[in-house]
Asker: 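Provided herewith is a single structure, encoded as structure tokens, for subsequent inquiry.
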Amino acid sequence: MSHSDDFDNLPISQRAMARPPSAPARDADYLDGLNAEQRDAVETTDGALLVLAGAGTGKTRVLTTRLAHILNQRKAWASQTLTVTFTNKAAREMRERAEKLIGDEAQSLSWLGTFHSVSSKILRRHAEIVGLESNFTIIDTDDQLRLLKQIIEAENIDTKRWTPRFMAGLIDGWKNRAVTPDKVPAGEGHEFANGRGIEIYKTYQHRLRVLNACDFGDLLMHCIAIFQKSPDILADYHKRFKYILVDEYQDTNVAQYLWLRLLAQGTGNICCVGDDDQSIYGWRGAEVDNILRFEKDFPGAKVIRLERNYRSTAKILACASHLITANQDRLGKTLHTEDEDGDAVKVRGLWDGEAEARLIGEDIESWRSSGRKYAECAVMVRASWQMRLFEERFIMLGIPYKVIGGPRFFERAEIRDAMAYLRLIRSENDDLAFERVVNQPKRGVGATSIQKIQVVAREMERPLTVTAEIMLRGNEIRGKAQTGIRAFLNDLERWRAQAREMEHPRIMEIILDESGYTAMLKADKTPQAQTRLENLKELVRAMGEFESLNAFMEHVELVMDASQGNESDDQVQILTLHGAKGLEWPQVFLPGWEEEVFPSKRAIDEGGIKSLEEERRLAYVGITRARERCYISFVANRMIFGRWQSVMPSRFVDELPPEHVDAVSETGYSAAPDGLNSAGFGGVSRFDSDESFGGSTYESPGWKRAQAARNTTDGRAQYGNWPQKKRPPDINPSGRLTATSDPEAASGLKLGQRVFHIKFGYGKIKQIDGTKLTVDFEKAGVKKVVEKFVEAA
DNA sequence: TTCTTCACGCTTTTT
DNA sequence: GCGTGAAGAA
């Protein structure tokens, strides 16, 4: 095993003296096939280096090869390199690809991970410096919100007017900039409850410390604090990390930047790879400035541009490049390819979202019948609500698909409940976990009882479990709650003892059984309960893959995306544009290119030109995912939040280069990119003639607003909120029933008629009472009262 | 205490 | 359209 001679395995006394052997151990044949720039980026190992890597230019390859090169040149041990990424997925991929290059040695890359996982590892070593114990809990957004809610309520602030979510946003914003409560610039807390925001931030941080917990932002912030407070610790890390590699540098926020800069002060060997045109996380604190400023931050830094694209055909690349030139602040790159022209990017205008889904479904089928794979196709949307239409259509057509980045396994309620039990076993201090599961399953412990305990706990400054115990002894809790809590505490005690001598998957099973959680789900006849049981089984199985309970829990707290399972299956991928970074497919569909959808209304309203540019980068990312074919589409009418709106094609459509675009009209309306406005994209006129509107000059508010927004330079709509007018009930071509908010329309339904409902599939009408229908969904085993249905023509 | 109903707000995206 | 969370009813 080549990694047995690793730095970490040396006796501590020898570490300071340890030097990697100086001679290269292997031939540098891994450099074959790299172009001149890539090779330069790999071989420039020392000093600060910024690699500006455009889409599809072999960024990951350069990073991993560089890593291999450093190791093969014996410039450092694997464990003396630090490689940080943003997502777990990226970290995993990096490790896998490194393994192919350097074999077993990749296992010693113990400092390869996300910013958060590396931070957590560092923080566990020095937790006491920031007032934590090394077994601290990492809380997620859900816990964070509950904690904040308690704090805000305790301050007697109305949580409806000043929502915990908003406060969480402020705190995240501060933490993204590594701003501690005492460093908040004057005037910034004023947005919340008349300036009490800072106070709440302070209390929040204090509470976290008491709970021996951190949130995601803390992981980085505490690390920075440790480095700043203890120069000797920092010096240790300087000695350790001889080479630092950073992926997706354009997405770093201020805290991450500070973190990196502190660590890079040692050797100064830092290599950041990124693409300013793919910075799409500004809303969560990413500073494109970090990459724009790189040369100033790291004096003497070298910049290498990777501009040869190996992914897309020339036409696809031309579209993307042309579109992105509309952005102002760019470092500027000129991507080129030696690839052939390929097919033009297809732009298509359609009547509505269903037509769009239908067409894309057909395209995928014909792709498949031409002998290609489903898995070579991806549908990329701006927001997750747009996925539903495609799912429905694909189910109907029998096209296998997979939604990427849907509700994550470990964020599901049942999994979080199970985790809360484990957390309570690990530490009796975990108040958040206690609150979550004292009454889950129902033990007769209601809000009143919990509140009572909380009050006392706060007074005594003890954790809830301990307080509850004391109160039970003092007979201060009566009735159902008394027996409930008694049983709960006894169970915890017993499990804790058992956990010490049992395999950890087994203890999970015991907890689920004995707590009555499994029984609760078994008693629940809805189809969701079945899935939940399966999820829990999966959880127990996944636990078995970890050495210890603690290892498993660390994994869950940070790597919130387990259990993909059947990745090899031939499935169409449905995902958001954000989720698509770093991926590629031969055939890519980009639906929903309408003003206010993409670019999203919210982005335009809130962030003005800056957000608009970010949306454009998102479009750029979308197009550059395509290798052979790229289909862009927009519709005339779209259902948004249950309301029909007439919508305009996205301005991005107009920004495509006409000579590389093939504009196809599927509706009889002009979809030519250069003529959309003048030719009068027909959605509106068709809408006008619809009799149900009883008028001929109707224009939907959405359309007017969108039109106004398109015509302003900053992208902000000049109109306020327009009164909403309802679109008449929709009649769709498959002869199904569609929900409507118009009660009058819901007449003429017949008993026994089958209706469609999004969640439960087809059901039979059992009873009609005005506009109220009782529908029996036999397949799902659900009876549901469905209101406001309307019959199809 | 728990179950039911209703209104609201929100759907960018990640650790 | 959907889930959440608060208020009201059993």
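Naming convention: chains lettered A, B, ... in sequence-line order (proteins, then strands); numbering from 1 in each chain.
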Asker: To the nearest Å, give me how far apart CG (A/L148) and C1' (C/dG5) are.
Answerer: 17 Å

Asker: Under a 4.0 Å N-O cut-off, is there an ion pair linking A/R423 with A/D143?
Answerer: yes

Asker: Is there a side-chain contact between A/T448 and the phosphate of B/dT1, meaning an N or O under 4.0 Å from OP1 or OP2?
Answerer: yes

Asker: 5'-most contact on DNA chain B: A/V445 or A/G579, nearest heavy atom basis?
Answerer: A/V445

Asker: Could A/R617 and A/D276 be called an ion pair, given the rule that one side-chain N must be under 4.0 Å from one carboxylate O?
Answerer: no

Asker: Is the charged tip of A/R124 near the ring of A/F136: under 6.0 Å from the six-membered ring centre and within 45° of its axis?
Answerer: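 Here A/R124 passes the 6.0 Å and 45° test against A/F136.
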
Asker: Mind listing the closest non-hydrogen atom pair of A/A542 and A/F546 along with its distance?
Answerer: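 In this case the closest contact between A/A542 and A/F546 is O-CD1, 3.4 Å.
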
Asker: Show which side-chain atoms of residues 167-179 of chain A pair as donor or acceptor with protein atoms under 3.5 Å away, not counting sequence neighbours.
Answerer:
unit_1, atom_1, unit_2, atom_2, d
A/W174, NE1, A/E188, OE1, 2.9
A/K175, NZ, A/Q205, OE1, 2.8
A/K175, NZ, A/D215, OD1, 3.0
A/K175, NZ, A/D215, OD2, 2.7
A/K175, NZ, A/D218, OD1, 2.8
A/K175, NZ, A/D218, OD2, 3.3
A/N176, OD1, A/N253, ND2, 3.2
A/N176, ND2, A/D172, O, 3.3
A/N176, ND2, A/R284, O, 2.9
A/R177, NH2, A/E188, OE1, 3.4
A/R177, NH2, A/E188, OE2, 3.0

Asker: Specify the separation, in whole Å, of atom CG of A/L558 and atom C1' of B/dT15.
Answerer: 7 Å

Asker: Just by distance, do the side chain of A/N439 and the backbone of A/V445 share a donor-acceptor pair under 3.5 Å?
Answerer: yes

Asker: Closer than 4.0 Å, any side-chain N/O of A/N439 to the OP1 or OP2 of B/dT1?
Answerer: no

Asker: Check this for me, if you would: do A/E595 and A/R651 make a salt bridge, where the nitrogen-to-carboxylate-oxygen distance has to be below 4.0 angstrom?
Answerer: yes

Asker: Could you give the CG-to-C1' distance, from A/D172 to B/dT13, as a whole number of Å?
Answerer: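 After rounding, the gap between these two atoms is 14 Å.
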
Asker: Say whether, by atom type as modelled, one donor and one acceptor occur between the side chain of A/T624 and the main chain of A/Y620 under 3.5 angstrom.
Answerer: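 Such a contact is found between A/T624 side chain and A/Y620 backbone.
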
Asker: List every contact pair, protein side and nucleotides 6-10 of chain C side both N or O, where the distance is under 3.5 Å.
Answerer:
unit_1, atom_1, unit_2, atom_2, d
C/dA6, OP1, A/K149, NZ, 2.8

Asker: In whole angstrom, give the distance that lies between atom CD of A/Q150 and atom P of C/dG5.
Answerer: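 Result: 13 Å.
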
Asker: With a 4.0 Å heavy-atom cut-off, tell me which residues in residues 280-288 of chain A come close to DNA chain B, sorted by residue number.
Answerer: A/Y281, A/W283, A/R284

Asker: Quick check on B/dT15: is either OP1 or OP2 less than 4.0 Å from any side-chain nitrogen or oxygen of A/T141?
Answerer: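 A/T141 to B/dT15 OP1/OP2: no side-chain N or O under 4.0 Å.
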
Asker: Which nucleotide wins on minimum distance to the side chain of A/S449, given the candidates B/dT15, B/dT1, C/dG1?
Answerer: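 Selected nucleotide: B/dT1.
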
Asker: Heavy atoms only, 4.0 Å cut-off, all strands: where does A/S117 land among base, sugar-phosphate and nothing?
Answerer: nothing

Asker: Go through the side-chain N and O atoms of A/E248 and A/Q278 and say whether any donor and acceptor fall under 3.5 Å apart.
Answerer: no

Asker: Report the distance from atom CZ of A/F166 to atom P of B/dC10, rounded to the nearest whole Å.
Answerer: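 Nearest whole value for this atom pair: 11 Å.
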
Asker: Between C1' on B/dT14 and NE2 on A/H116, what's the gap in Å once rounded to a whole number?
Answerer: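 Those two atoms, NE2 and C1', are 8 Å apart.
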
Asker: Rounded to whole angstrom units, what separation is found between the CZ atom of A/R146 and the P atom of C/dG5?
Answerer: 10 Å

Asker: Mark yes or no for whether A/S120, through its side chain, and A/H116, through its backbone, hold a donor-acceptor pair below 3.5 Å.
Answerer: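 No: the side chain of A/S120 does not pair with the backbone of A/H116.
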
Asker: From C-beta outward on A/N88, which listed nucleotide comes closest to its side chain: B/dT13, C/dG1, B/dT15?
Answerer: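 Closest nucleotide to the A/N88 side chain: B/dT15.
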
Asker: How is A/F115 classified with respect to the nucleic acid when contacts are heavy atoms under 4.0 Å: base, sugar-phosphate, or nothing?
Answerer: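 Nothing, no nucleic acid heavy atom in range.
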
Asker: On DNA chain B, compare the nucleotides closest to A/S600 and A/K442; which residue's is nearer the 5' end?
Answerer: A/K442

Asker: Could you check whether A/D215 gets within reach of a base, just the sugar-phosphate, or nothing at all, counting any heavy atom under 4.0 Å?
Answerer: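 Since no nucleic acid heavy atom lies under 4.0 Å of A/D215, the category is nothing.
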
Asker: Under 4.0 Å between any heavy atoms, over every strand shown, what does A/K480 touch: base, sugar-phosphate, or nothing? Just pick one.
Answerer: nothing

Asker: Rounded off to whole Å, could you give me the CD-to-C1' distance for the A/E391 and C/dC2 pair?
Answerer: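 After rounding, the reported distance stands at 14 Å.
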
Asker: Dump the intermediate steps for side chain to side chain donor-acceptor pair (under 3.5 Å) on A/Y249 and A/N290, then the final yes or no.
Answerer: CA-CA 8 Å; A/Y249 188 65; A/N290 284 346; 5.1 Å; no

Asker: Of the options B/dT1, B/dT13, B/dT15, whose atoms approach the side-chain atoms of A/T114 most closely?
Answerer: B/dT15

Asker: Please classify the nucleic acid contact of A/T87 as base, sugar-phosphate, or nothing, using heavy-atom distances under 4.0 Å.
Answerer: sugar-phosphate

